[in-house]
Peer 1: 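Encoded as structure tokens, here's the structure I'll be asking about.
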Amino acid sequence: MNDKKLTPRSENYSEWYNQLVLRAELADYAPVRGCMVVRPYGWSLWENIQDALDSRFKATGHVNAAFPLFIPMSFLEKEKEHVEGFSPELAVVTIGGGVELEEPLIVRPTSETIIGYMYSKWIQSYRDLPVLINQWGNVVRWEMRTRLFLRTLEFYWQEGHTAHATAEEGEIETRQMLDIYTDFAVNEAAVPVIPGRKSETEKFAGAVRSYTIEAMMGDTKALQAGTSHNLGQNFAKAFEIQYLDENNTLQYCWTTSWGLSTRFIGAIIMTHGDDQGLILPPRLAPIQVVIVPIFRKDEEQEAVMAAVDKVKAELADFRVKVDDRMEVTPGFKFNEWELRGVPLRIEIGPKDVANHSVALARRDIPGREGKSFVPQANLAQTVGDLLETIQASLLVKATQFRDENIFEPKDYEEFKAIINRGGWCYVWWKPNAENEAKIKEETKATLRCIPLDQPGGKGQCIYSGEEATEKAYFAKAY
RNA sequence: CGGGGUGUAGCGCAGUCGGCCAGCGCGCCGCGUUUGGGACGCGGAGGUCGGCGGUUCAAGUCCGCCCACCCCGACCA
């Protein structure tokens, strides 16, 4: 841990991940098992994620609200699958103010129930629909094994909850939000994802249909990076969310829910990071450009710092940090900001002052190859273009890596071999929960999703050999 | 919950057969020299040895119980 270099990914991927999260100061372990503290740098990244998502939610007519952290235990029990899915991981409050509660409260693991309860009060008529509310908050799920960002007892997320008049509208909303997640992942985070449907086994407890965006991490394992659920009328019936339609007939609403969590930070880390550390996509990076001044003598310092100030002012439209610490050397700073994933570094030294230039170093291209010397004139344009280039090339690189690790095995033997050495399998699949369970048992791989983008036609199911009309992705997952 | 491991300075660790002042590296503080890829010298600060109990003239060290955390499995955004 005190070694200057991170454990290389090839040596121990999860060790690399843990060290990176701690040393980049994204998060730290809290004094409670399985809980994390999101440090300012990590939270700033999360805020940028929030902004990117929130603006998309607002643009599609959603509004934000806040619902309670505590939910009456009985609420959860109203939806059968929901309670079965969540009861093993609930935190339950039985005492309040020193007095035993009449009814235990659970700390929300998700808010379908309490929001459903409120919707039943608020919705009377078709004129009240649709209801399109999102909430930014935290939830608690008492997981057995935890990893920073990827799975903690408490995590931060947004959960959207909508109610609609028809099944079609519900499905359209569900899919719209999946599209938004996809757009966010690809265009803001440069994380290529495969949008698809979850199998019956993998779907959300209480949903009719679940959709997911699946991303491939640097070790080829899959990560569910966001989900969108069509809840049908399950929760509407459980909570009597009803409305009168145009014909004065009482109808149950059709509801949806969709969420994306701080887990996504894990996705960014494991999609772009290298052995040197984190690599952040410019659009989400808390610091897009770090300026490192370099000088030997006092007289150099003055001239260099004047140039630094000028450059910083020129780059006012970007998130810029000047690292003017005197107690560490430039070389130390280079390594530290690379560890922390800042996309672009500007070095300004006496030579640059003399030449009216700066040195630029791209985080995504290590070493001399990623370094260039450019004039100070018109620097904002240069930097803007370069950040766009970096953003684009991160996506290209990640997409290439993903595609190189997706295979189409001819038979189940080959399937097992691929899963075993790491990689995704794209195969014909005839839906069957038992076979899915057997595959999981035999290979540890799960059905990640049935992609929306289907080739059409028919083929033989990879496991049963039966005729199948859809293809699916299988992989080991986080 | 099952298996494995670890608790000694902020972090990483050493501490032999129980022995008198508990140490090393990094980090931290001060001063000076340094600064274009992880600088160096000198001087300092910092400890309920996870907790409780026991054995003993004497416990970081031996014994018992407890607690916490980490890793590997079964569950999951």
Side-chain angles (χ1 to χ4, degrees), chain A residues 1-6 12 14-15 18-19 22-23 28-35 84-90 109-110 138-159 181 198 201-205 210 212-215 222-229 257-267 276-277 292-298 300-301 304 323-339 345-355 357-361 366-368 370-371 373 440-441 444 446 477-478:
Chain A
M1 187 63 196
N2 266 329
D3 291 344
K4 287 176 179 174
K5 284 193 160 75
L6 290 171
N12 184 341
S14 72
E15 192 55 35
N18 290 337
Q19 289 178 1
L22 296 174
R23 288 178 55 179
D28 201 353
Y29 293 103
V32 179
R33 179 198 76 88
C35 291
E84 279 173 15
F86 281 106
S87 31
E89 51 189 47
L90 292 180
T110 178
N138 55 342
V139 288
V140 168
R141 298 180 186 178
W142 214 266
E143 302 289 350
M144 289 294 143
R145 284 198 58 208
T146 57
R147 295 285 305 281
L148 292 170
F149 290 118
L150 299 175
R151 188 175 305 106
T152 44
L153 297 199
E154 180 190 22
F155 59 87
Y156 302 86
W157 73 343
Q158 58 66 217
E159 47 178 326
Y181 287 154
K198 281 288 182 190
T201 325
E202 298 276 333
K203 75 175 189 195
F204 176 75
S210 285
T212 174
I213 49 171
E214 294 288 323
L223 184 79
Q224 178 173 315
T227 46
S228 184
H229 312 292
S257 68
W258 26 276
L260 186 147
S261 75
T262 38
R263 168 183 261 197
F264 201 92
I265 292 175
Q276 200 62 234
V292 178
I294 297 157
F295 47 79
R296 293 162 195 270
K297 309 167 198 115
D298 289 355
E300 284 177 352
Q301 174 175 1
V304 165
D323 188 351
D324 55 4
R325 287 177 295 176
M326 298 296 284
E327 65 271 21
V328 288
T329 60
F332 181 90
K333 294 175 184 177
F334 298 168
N335 284 285
E336 182 168 276
W337 292 112
E338 282 170 11
L339 172 69
R345 181 178 71 240
I346 296 181
E347 303 165 18
I348 302 178
K351 289 178 205 164
D352 300 297
V353 171
N355 300 333
S357 66
V358 301
L360 294 181
R368 190 165 298 170
K371 239 169 165 172
F373 299 88
K440 186 175 179 184
E441 204 181 303
K444 301 234 159 81
T446 49
Y478 276 99

Peer 1: Please determine whether any donor N or O and acceptor N or O are separated by less than 3.5 Å between the side chain of A/E338 and the base of B/G37.
Peer 2: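 When only heavy-atom distances are counted, A/E338 does reach the base of B/G37 through a donor-acceptor pair under 3.5 Å.
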Peer 1: Expressed in whole Å, how much space separates the C1' atoms belonging to B/C21 and B/G38?
Peer 2: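 These two C1' atoms come out 36 Å apart once rounded.
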Peer 1: Tell me what A/R141 touches on the nucleic acid: a base, only sugar-phosphate, or nothing, going by heavy atoms under 4.0 Å.
Peer 2: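 Base, at least one base heavy atom under 4.0 Å.
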Peer 1: Contact class for A/F264 vs. all strands (heavy atom < 4.0 Å): base, sugar-phosphate, or nothing?
Peer 2: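 Nothing, no heavy atom under 4.0 Å.
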Peer 1: Are A/R141 and A/F155 in a cation-pi contact, defined as NZ or CZ under 6.0 Å from the six-membered ring centre and within 45° of the axis?
Peer 2: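 Output no; distance or angle outside limits.
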Peer 1: I want to confirm an ordering. Mapping A/H229 and A/V353 to their closest nucleotides on RNA chain B, which one lands closer to the 5' end?
Peer 2: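 Residue closer to the 5' terminus by nearest nucleotide: A/V353.
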Peer 1: Report yes or no: does A/K5 contribute a side-chain atom to a donor-acceptor pair with the main-chain N or O of A/Q276 at less than 3.5 Å?
Peer 2: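 It does not hold such a pair.
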Peer 1: Among B/C1, B/C70, B/A77, find the nucleotide with the atom closest to the side chain of A/M144.
Peer 2: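 Per side-chain heavy atoms of A/M144, the pick is B/C1.
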Peer 1: Given atom CE of A/M326 and atom P of B/C40, what is their separation to the nearest angstrom?
Peer 2: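 Rounding to the nearest Å, CE of A/M326 and P of B/C40 are 18 Å apart.
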Peer 1: CD of A/Q301 versus P of B/U33: gap in Å, rounded?
Peer 2: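 Atom CD in A/Q301 sits about 14 Å away from atom P in B/U33.
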Peer 1: Take atom P in B/A39 and the same atom in B/G2, then report the distance between them in whole Å.
Peer 2: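 Looking at atom P only, B/A39 and B/G2 are 48 Å apart.
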Peer 1: What integer distance in Å separates A/R296:CZ from B/G32:P?
Peer 2: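 Distance check: A/R296 CZ to B/G32 P gives 21 Å.
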Peer 1: Which part of the nucleic acid, if any, lies within contact of A/A359, taking any heavy atom under 4.0 Å across all strands shown: a base, the sugar-phosphate backbone alone, or nothing?
Peer 2: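 Since a base atom lies under 4.0 Å of A/A359, the category is base.
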Peer 1: If stacking means aromatic ring centre less than 5.5 angstrom from the base's six-membered ring centre, planes under 30°, is A/F155 stacked on B/A77?
Peer 2: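 According to the criterion (under 5.5 Å, under 30°), yes, A/F155 stacks.
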Peer 1: May I ask you to say what A/R325 touches in the nucleic acid, namely base, sugar-phosphate or nothing, with a heavy-atom cut-off under 4.0 Å?
Peer 2: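 Touches nothing.
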Peer 1: Distance check, P atoms only: B/G3 and B/C66, in whole angstrom units.
Peer 2: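 Those two atoms are separated by 14 Å.
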Peer 1: Counting heavy atoms from C-beta on, name the nucleotide in B/A77, B/G38, B/A74 closest to the side chain of A/K444.
Peer 2: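 Given the options B/A77, B/G38, B/A74, the side chain of A/K444 is closest to B/A74.
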Peer 1: Select one nucleotide: of B/A74, B/U35, B/G38, the one nearest the side-chain heavy atoms of A/E336.
Peer 2: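 For the A/E336 side chain, the nearest candidate turns out to be B/G38.
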Peer 1: Round to the nearest Å and state the distance from A/N335 atom CG to B/U35 atom P.
Peer 2: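 In whole Å, B/U35 P lies 18 Å from A/N335 CG.
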Peer 1: Base, sugar-phosphate alone, or nothing: which one does A/L150 contact when heavy atoms must sit under 4.0 Å apart?
Peer 2: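 Answer is base: heavy atoms of A/L150 come under 4.0 Å of a base.
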Peer 1: Please state the C1' separation for the pair B/C75 and B/C65 - nearest whole angstrom.
Peer 2: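 Roughly 32 Å separates the two C1' atoms.
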Peer 1: Any chance you could encode RNA chain B as dot-bracket? Rule is Watson-Crick or G-U wobble with both distances under 3.5 Å; [ ] for pairs crossing earlier ones, | for another strand.
Peer 2: (((((((..((((.....[...)))).((((((.....)))))).....(((((..]....))))))))))))....
Peer 1: Pick the P atom in B/A74 and in B/A22, then give their distance to the nearest Å.
Peer 2: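 Pairwise P distance, B/A74 against B/A22, rounds to 48 Å.
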Peer 1: Using 4.0 Å as the upper bound for N to carboxylate O, is an ion pair formed by A/K198 and A/E214?
Peer 2: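 Result for this pair is yes, salt bridge flagged.
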Peer 1: Under a 3.5 Å threshold, yes or no: a donor from one side chain and an acceptor from the other, between A/S210 and A/H229?
Peer 2: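 Yes, because at least one side-chain N or O of A/S210 sits under 3.5 Å from a partner of the opposite role on A/H229.
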Peer 1: Do other residues, nucleotides or ligands put more than 12 heavy atoms under 6.0 Å from the CZ atom of A/R325?
Peer 2: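 Atom CZ in A/R325 is packed in, count exceeds 12.
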Peer 1: Using a strict 4.0 Å threshold on nitrogen-to-oxygen distance, state whether A/E338 and A/R345 make a salt bridge.
Peer 2: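 Here A/E338 pairs with A/R345 in a salt bridge, since their nearest N and O are under 4.0 Å apart.
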Peer 1: Taking atom P of B/G38 as reference, at what distance in whole Å does atom CG of A/D323 sit?
Peer 2: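 Value for this atom pair: 15 Å.
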Peer 1: Figure out the CD/P separation between A/E347 and B/G37, and round it to whole Å.
Peer 2: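 Those two atoms, CD and P, are 8 Å apart.
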Peer 1: Of the candidate nucleotides B/C1, B/A77, B/G38, which contains the atom at the shortest distance from the side chain of A/F332?
Peer 2: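 In terms of side-chain proximity for A/F332, the closest of B/C1, B/A77, B/G38 is B/G38.
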Peer 1: Using modelled atom types and a 3.5 Å cut-off, is there a donor and acceptor pairing between side-chain atoms of A/Q158 and backbone atoms of A/L260?
Peer 2: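 Checking the backbone N and O of A/L260 against the side chain of A/Q158, a donor-acceptor pair under 3.5 Å is found.
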Peer 1: Return the value, rounded to whole Å, for the distance between atom CZ of A/R23 and atom P of B/G12.
Peer 2: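 Between P of B/G12 and CZ of A/R23: 13 Å.
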Peer 1: Should B/C66 be called syn or anti, with syn set as within 90° of 0?
Peer 2: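 Here B/C66 takes the anti form, which means its glycosidic angle is more than 90° from 0.
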Peer 1: For B/C40 versus B/G27, give the span between their P atoms, rounded off to a whole number of Å.
Peer 2: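 These two P atoms come out 9 Å apart once rounded.
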Peer 1: For B/A9 and B/C28, measure between their C1' atoms and round to the nearest Å.
Peer 2: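 Approximately 11 Å lies between the C1' atom of B/A9 and that of B/C28.
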Peer 1: When we call it a touch if two heavy atoms are under 4.0 Å apart, what does A/K440 touch: a base, just sugar-phosphate, or nothing?
Peer 2: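 Sugar-phosphate, backbone atoms only, no base.
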Peer 1: Verify, without hydrogens or angle tests, whether A/T262 (side chain) and A/Y156 (backbone) share a donor-acceptor contact under 3.5 angstrom.
Peer 2: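 Side chain of A/T262 to backbone of A/Y156: a pair is present.
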Peer 1: With no hydrogens and no angle check, is any side-chain donor or acceptor of A/R263 less than 3.5 Å from a backbone partner on A/L150?
Peer 2: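 The answer is yes, because a donor-acceptor pair under 3.5 Å joins these two groups.
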Peer 1: Please report, rounded to the nearest Å, how far the C1' atom of B/C70 is from the CZ atom of A/R147.
Peer 2: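 So the CZ-C1' distance, A/R147 to B/C70, works out to 12 Å.
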Peer 1: Can you tell me how the ring of A/Y181 sits relative to the ring of A/W258, calling it parallel under 30°, perpendicular over 60° and tilted otherwise?
Peer 2: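 Rings of A/Y181 and A/W258: perpendicular, as their planes differ by over 60°.
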Peer 1: Which part of the nucleic acid does A/G259 contact within heavy-atom distance under 4.0 Å: base, sugar-phosphate only, or nothing?
Peer 2: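 Nothing, no heavy atom under 4.0 Å.
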Peer 1: From the list B/G38, B/A77, B/G37, which nucleotide is the closest neighbour of the side chain of A/K5?
Peer 2: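 Output: B/G38.
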Peer 1: Does A/T329 make a side-chain N or O approach to OP1 or OP2 of B/A39 shorter than 4.0 Å?
Peer 2: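 A/T329 to B/A39 OP1/OP2: side-chain N or O found under 4.0 Å.
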Peer 1: Please state the C1' separation for the pair B/G10 and B/G18 - nearest whole angstrom.
Peer 2: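 Those two atoms are separated by 30 Å.
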Peer 1: Please classify the nucleic acid contact of A/K351 as base, sugar-phosphate, or nothing, using heavy-atom distances under 4.0 Å.
Peer 2: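 Result for A/K351 = base.
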Peer 1: Report which part of the nucleic acid A/T212 touches: base, sugar-phosphate, or nothing (heavy-atom distance under 4.0 Å, all strands).
Peer 2: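 Result for A/T212 = nothing.
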